[in-house]
Amino acid sequence: MSQEQQGAELGDSPTSPDPDSRTTAATDATPVVGIDLGTTYSVIAHLDETGRPITIRSAEGDLTTPSVVLFDGDDVIVGREGLRALSGEPDQVAECAKRDLGLKRFHKSIGGQVFPPEVIQAYILKKMRDDAALQLGEFQQAVITVPAHFDEVRRKATQDAGYMAGLKVLDIINEPTAAALAAGIAGDYLAADGKSHIAQNILVYDLGGGTFDVTVMEINGVHFRTLATDGDVQLGGRDWDQKLVDFVSQEFAGLHGFDPRQDPNFHAALWRECEDAKRTLSARQKTHVMCQFKNHRLKSEITRQKFGELTANLLERTEFTTREVLSAAGLAWDRIDRILLVGGSTRMPMVSQMIQRISGKQPDLSLSPDEAVAHGAAFLATQLQAKASGRTPSFEIRNVNSHSLGLVGKHPQTGQAENVVLIRRNTSLPARVQRTFRTEQKGQRSVLMQIIEGESALPESCTQLGRIVVRDLPRDLPARSPVQVEFTYASNGRLSVHVKIGGTDRELTSEIVRENSLTQDELDHWRNKIAGKT
Ligand code: ADP
Ligand code: MG
């Protein structure tokens with residue numbers, strides 16, 4: 001079929017049905033939680049009776065739980081022990097699964113088994129849930145956070161992870177929005193009556209272990225509106241660690257003729273040393289990395305300045321994105337009222353120095369960079385619960401989409417496949433956009449819509465979200481019959497599509513069939529297995 005204005009066309013082909021969405025609403029006063037499911041550390045929080053956010057400690061007594069999963073025979077152990085096992089049994093440990101969400105498989109096999117990344121995430125969520133249940137009693141309802149730049153596929157995978165962990169996912173919320181919410185409520189510039197306070201523009205710079213996000217938001221009374229957002233799924237504290245690992249490895253290789261990175265156990269042990277050294281450098285001007293293999297040793301001195309030089313290009317990447325987002329929001333620094341630093345890696349002094357240099361402003365360090373996101377999620381979870389029991393919401397969140405959404409069309413003249421964008425990036429959500437396309441041939445029996453996400457005009461450079469097929473069209477349907485396509489993009493970044501074929505009674509509303517997502521049967525299989533029922 002072809003698009004009315006641009007003339008894009010679509011072919012036809014079959015497909016299979018999609019599992020349903022599992023988002024449900026809170027209905028009673030049972031505990032609800034917010035979970036920051038981080039790439040490297042996860043945090044769970046709830047609100048106490050007075051409405052204050054409280055981080056729930058893990059069974060080990062920690063505020064944050066390493067997002068690391070050790071598969072030890074039939075035992076699956078999440079957290080600290082997994083982290084420790086990394087240097088002894090790296091083949092049995094899964095880490096940074098969040099970076100692989102959206103892919104069919106986690107990037108390495110674990111103990112000879114292949115896991116979908118969302119299953120690893122589900123094990124982490126299960127641990128968070130079990131530990132919190134020790135204090136709150138049994139519960140199911142949770143809000144889970146995702147990076148603002150997560151695409152539709154990764155959001156769906158996150159919701160699926162919640163389902164497999166036995167949770168009822170009330171909603172997913174963008175991490176920077178959650179942080180701004182926590183800051184707004186803690187800093188008392190969110191007016192409960194929605195009237196008294198002046199609007200504020202907030203920039204949230206979130207540098208965690210594996211992802212980077214920057215978002216500009218406006219808070220006006222009770223309204224939270226995202227103005228622009230961007231980020232990098234492949235940039236975080238681990239890349240800073242990597243620079244140290246590379247530096248020390250080269251030094252060791254120069255001295256002893258063996259590169260530590262060639263031995264998995266040695267490599268993992270060095271990694272832990274370097275991560276530790278990095279943390280020390282946030283507090284001190286210099287430190288040492290000890291590196292020992294068989295009877296070869298190296299004690300390498302690292303200064304904060306040296307560390308800054310080694311990682312300057314990583315910091316520059318975040319600076320570049322920050323400037324881009326600010327300009328996408330249509331603002332200059334003088335219009336930014338607050339800069340929030342979130343994520344453990346913002347403890348590196350180089351981050352606040354850079355922010356200060358480019359903005360001329362002192363960043364707001366009043367929030368705990370580890371807990372703010374989970375606290376914001378707990379506020380939303382409680383609000384959704386209250387809303388379900390008929391109470392008036394105390395704040396309202398408006399997001400934008402972080403990637404353009406469109407269909408693959410075929411240009412009628414050139415026959416070239418092209419990305420026909422329906423909802424441009426940074427459009428305020430929820431959004432509904434309708435376009436009329438045309439069927440391609442006379443008597444065409446089905447219409448295929450390939451939904452893609454991305455900015456490129458070339459479909460192959462975009463992310464394939466999935467497909468929708470309308471079948472059983474009448475045999476006598478003329479060529480160039482109108483096909484009305486409507487995209488509805490919900491506030492949480494989930495998409496549904498409605499299609500109507502003119503001159504027929506064929507009409508279809510569908511969640512799209514996603515390329516890499518698990519089937520309902522697979523989800524239920526894992527849900528039982530993770531619960532220990534199989
Ligand atoms: P994520 O949300 O990606 O899981 P976090 O926000 O928990 O990440 O941040 C984890 C990252 O923060 C890790 O890379 C860790 O090494 C880093 N980090 C934590 N504390 C410090 C510190 N004091 N100095 C430097 N980096 C730190
Ligand atoms: Mg985080």
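Both ligands and their constituent atoms are indexed starting at 1 by order of listing.
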Worksheet entry | Centroid-centroid distance, F258 to F252, less than 6.0 Å | no
Worksheet item: Under a 4.0 Å N-O cut-off, is there an ion pair linking R80 with E60?
Response: no
Worksheet item: For ligand 1, which atoms sit closer than 4.0 Å to a heavy atom of T39?
Response: 1 (P), 3 (O), 4 (O)
Discussion item. Polar contacts were defined as any N/O atom of the residue lying under 3.5 Å from an N/O atom of the ligand; does this apply to G344 and ligand 1?
Written reply: yes
Worksheet item: Which atoms of ligand 1 are found less than 4.0 Å from any heavy atom of Y41?
Response: 4 (O), 7 (O), 10 (C)
Fill in: Distance, nearest 0.5 Å, that separates CZ of R52 from NE2 of H375
9.5 Å
Discussion item. I want to know if ligand 1 touches D36 in the polar sense, i.e. an N/O pair below 3.5 angstrom.
Written reply: no
Worksheet item: Which atoms from ligand 1 have a heavy atom of T40 less than 4.0 Å away?
Response: 1 (P), 3 (O), 4 (O), 8 (O), 10 (C)
Worksheet entry | Nearest-neighbour protein heavy atom for atom 25 (C) of ligand 1, which is reported as residue plus atom name and distance | S282 OG, 3.2 Å
Item to complete: Using a strict 4.0 Å cut-off to heavy atoms of G38, name the atoms of ligand 1 that fall inside it.
Response: 2 (O), 4 (O)
Worksheet entry | Residue selection (non-hydrogen contact nearest atom 12 (O) of ligand 1) among S345, C274, P147 | S345
Fill in: Closest approach of any protein heavy atom to atom 26 (N) of ligand 1, naming residue and atom
K278 CE, 3.5 Å
Item to complete: In sequence, state the C-alpha distance, the side-chain angles, and the governing distance for F307 and F247, and then conclude on ring-ring contact (aromatic ring centres under 6.0 Å, His included).
Response: CA-CA 10 Å; F307 181 51; F247 176 73; over 10 Å; no
Worksheet item: With a cut-off of 4.0 Å, which atoms of ligand 1 are near a heavy atom of G237?
Response: 14 (O)
Discussion item. Taking the six-membered ring of Y163 as reference, does the cationic atom of R527 (NZ for Lys, CZ for Arg) lie under 6.0 Å from its centre and within 45° of its axis?
Written reply: yes
Worksheet entry | Polar proximity ligand 1 side, E275 side, N/O cut 3.5 Å exclusive | yes
Discussion item. With a 4.0 Å cut-off on heavy atoms, is G210 in contact with ligand 1?
Written reply: yes
Worksheet item: Taking the six-membered ring of F150, is NZ or CZ of R154 closer than 6.0 Å to its centre and within 45° of its axis?
Response: yes
Worksheet item: Looking at atom 8 (O) of ligand 1, what's its closest protein heavy atom, distance included?
Response: G209 N, 2.9 Å
Item to complete: With the side chain counted from C-beta on, respond yes when R347 and P369 share a heavy-atom pair under 4.5 Å apart, and no when they do not.
Response: yes
Discussion item. Can you confirm if the aromatic rings of F115 and F71 lie within a centre distance of less than 6.0 Å?
Written reply: yes
Discussion item. Are the side chains of R425 and E455 in contact, using a 4.5 Å heavy-atom criterion?
Written reply: yes
Item to complete: Examine F293 together with F266 and report whether their ring centres are nearer than 6.0 Å.
Response: yes
Worksheet item: If you count the atoms of ligand 1 from 1 in the order shown, which ones are under 4.0 Å from a heavy atom of M348?
Response: 25 (C)
Fill in: Ligand-residue contact atoms, ligand 1 with G343, heavy atoms, under 4.0 Å
6 (O)
Discussion item. With heavy-atom distances below 4.0 Å as the criterion, list the atoms of ligand 1 near R347.
Written reply: 20 (N), 22 (C), 23 (N), 24 (N)
Worksheet entry | Option from D232, D213, T211 for which side-chain hydrogen bond (donor to acceptor under 3.5 Å, both in side chains) with H149 holds | D213
Discussion item. Is it the case that ligand 1 has an N or O less than 3.5 angstrom from some N or O of G208?
Written reply: no
